[in-house]
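Note that ligands are numbered from 1 as they come in the structure, with each ligand's atoms numbered from 1 the same way. Keep in mind that what you see is a predicted model, and the values were worked out from it rather than measured.
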Amino acid sequence: MQIEVTLFTVNKRFPLTISRGTTAQTTNVWVKISQDGIEGWGEASPFGVGNHRQSTDTIRDALQQVIPLLHGFSPRHWQQIEQMLAQKDVPSSVRAALDMAMHDWQGKLVGLPLWQIWGLDRQSIAPTSVTIGINSPAGAAARARDWLQFMDVGLFKVKLGSPAGIDSDRQMLLAVKAEAPGKELFVDANGGWSLEDAIEMCAWLADIGVKYVEQPLPRGQETGLEKLKQHSPLPIFVDESCFNSSDIPHLANYVDGINIKLMKSGGLSEAMRMVHTARAHNLQVMFGCYSDSSLANTAAAHLAPLADYLDLDSHLNLIDDPFIGASVQEGRVLPTDLPGLGVQYSASAA
Ligand SMILES: [Mg+2]
C-alpha cells in the first residue's frame with residue numbers, strides 16, 4: 001500500500017489549560033493509505049503525560065521509519081502489521097493513525113460505516129461532555145456560558161488540579177456550578193493533586209453533587225489509589241494511568257472506570273480490546289481525546305455505543321478543523337451513514 005503523510009495545524013477557539021500547562025494550537029498528522037483505488041484516512045495528534053511525550057516531530061519521524069516497512073503489505077494484512085508495529089515499539093499515536101486508516105479503508109471497501117460493520121446501535125451513544133479548562137472563577141463561568149450558547153450541553157468536564165491549589169479549584173468549580181445550575185458536572189484533575197488533596201477534594205466534590213472524578217493522582221502514583229478508593233465517595237476514573245488493555249488488571253481493584261483515547265491505545269483495535277478488558281473487570285468506560293480534529297474524534301464516535309461516558313469535544317473547540325465527520329445532534333457526537341469513518345476534507349477550512 002501507498003502512504004501519504006500531511007501535517008496540519010489546528011487552533012483552539014479557547015486555549016485549554018490543565019494542571020500540566022496550556023494548549024492553544026497543535027500540529028497534527030493526517031495519514032492516508034491507498035490500496036486498490038481506495039483511500040483510508042487516520043490522524044495522529046501530539047500529547048504528553050509526565051515524561052512520556054509524543055510530539056509532532058516524534059510522530060513524523062516514526063512514520064518516516066515505518067512507511068518503507070509497510071509498502072509490501074495491504075490493509076488486509078492488519079494482524080501482521082499490528083504485530084510488526086508493536087514489536088518495533090512504534091509510538092501509540094502513529095499506530096492509532098494507521099489503525100484508523102486501515103478501518104476506514106475496510107469500511108470503504110465493503111461500503112458500510114464502521115458502526116454498522118460492528119453491529120453497534122448508534123442511538124445508544126451518550127451525550128459528550130464539554131471541557132472547561134483551569135481558569136479564574138469568572139473565566140470558567142464565561143467559558144460555561146459560551147458552551148451553553150454553542151450547543152446542547154449534557155455534561156461539563158471541569159479541569160481542576162490547579163497549580164494555585166485546591167482552594168482555587170473549589171472557587172472555580174462553584175463558579176461553573178452557579179453558571180450552569182442543574183447541569184451534570186464531573187472533574188478531571190489530570191494528576192494535579194497529592195493523595196491528601198485528593199481525599200479532601202473527593203469528599204467535597206461528592207457533597208456538592210459532582211458525578212465522578214478523573215485521574216486524581218499523577219501517573220506513577222497508582223499505589224495511592226488504593227487508599228483514595230477507601231475514602232472517596234465518588235467513582236474514580238483513570239486516564240493518564242491507563243494507556244492500553246495491559247494496564248487495566250492491576251488498576252481494576254482501585255478504580256471504577258477508565259478513559260480510553262485512541263492516541264494512547266494505538267487505535268480502534270486496541271480500544272475495542274480495552275472495552276472488553278474493562279467490562280471483564282466490572283469497570284465503566286469513557287472515550288476521550290487530546291487535541292484531535294474531527295477525523296480522530298469521528299473514529300472514536302463509531303465505537304461510542306460501547307462507552308458509558310463520552311468526552312469527544314476537542315474538535316468542537318477548533319476554529320480551523322479541516323475535516324467534516326460526525327455530526328452533533330442534541331449534544332451527541334454521531335457518526336454518519338457514509339462508508340468507513342465517513343470523514344471528508346473541508347475545502348472551506350483554513
Ligand atoms: Mg483526562
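A salt bridge (Lys or Arg N to Asp or Glu O under 4.0 Å) with Glu184 is found for exactly one of Lys177, Lys211, Lys157, namely Lys211.
The Mg ion (ligand 1) sits nearest to atom OD2 when only the N, O or S atoms of Asp239 are considered.
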In residues 122-130, what donor-acceptor pairs under 3.5 Å come from side-chain atoms, sequence neighbours left out?
from: Arg122; atom 1: NH1; to: Pro335; atom 2: O; distance (Å): 2.8
from: Arg122; atom 1: NH1; to: Asp337; atom 2: OD1; distance (Å): 3.3
from: Arg122; atom 1: NH2; to: Asp337; atom 2: OD1; distance (Å): 3.2
from: Gln123; atom 1: OE1; to: Arg332; atom 2: NH2; distance (Å): 3.4
from: Ser124; atom 1: OG; to: Asp121; atom 2: O; distance (Å): 2.8
from: Thr128; atom 1: OG1; to: Leu312; atom 2: N; distance (Å): 2.8
from: Ser129; atom 1: OG; to: Leu310; atom 2: O; distance (Å): 3.2
from: Ser129; atom 1: OG; to: Asp311; atom 2: OD1; distance (Å): 2.9

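Among the atoms of Glu214, an N, O or S atom falls under 2.8 Å of the Mg ion (ligand 1). Distances from the Mg ion (ligand 1) show that Asp188 has an N/O/S atom below 2.8 Å.
Residue Gln230 qualifies as enclosed at atom CD: its count of foreign heavy atoms under 6.0 Å is above 12.
Contacts of His250 classified as side chain to side chain contact (heavy atoms under 4.5 Å, CB included), with partners at least two apart in sequence or in another chain: Asp247.
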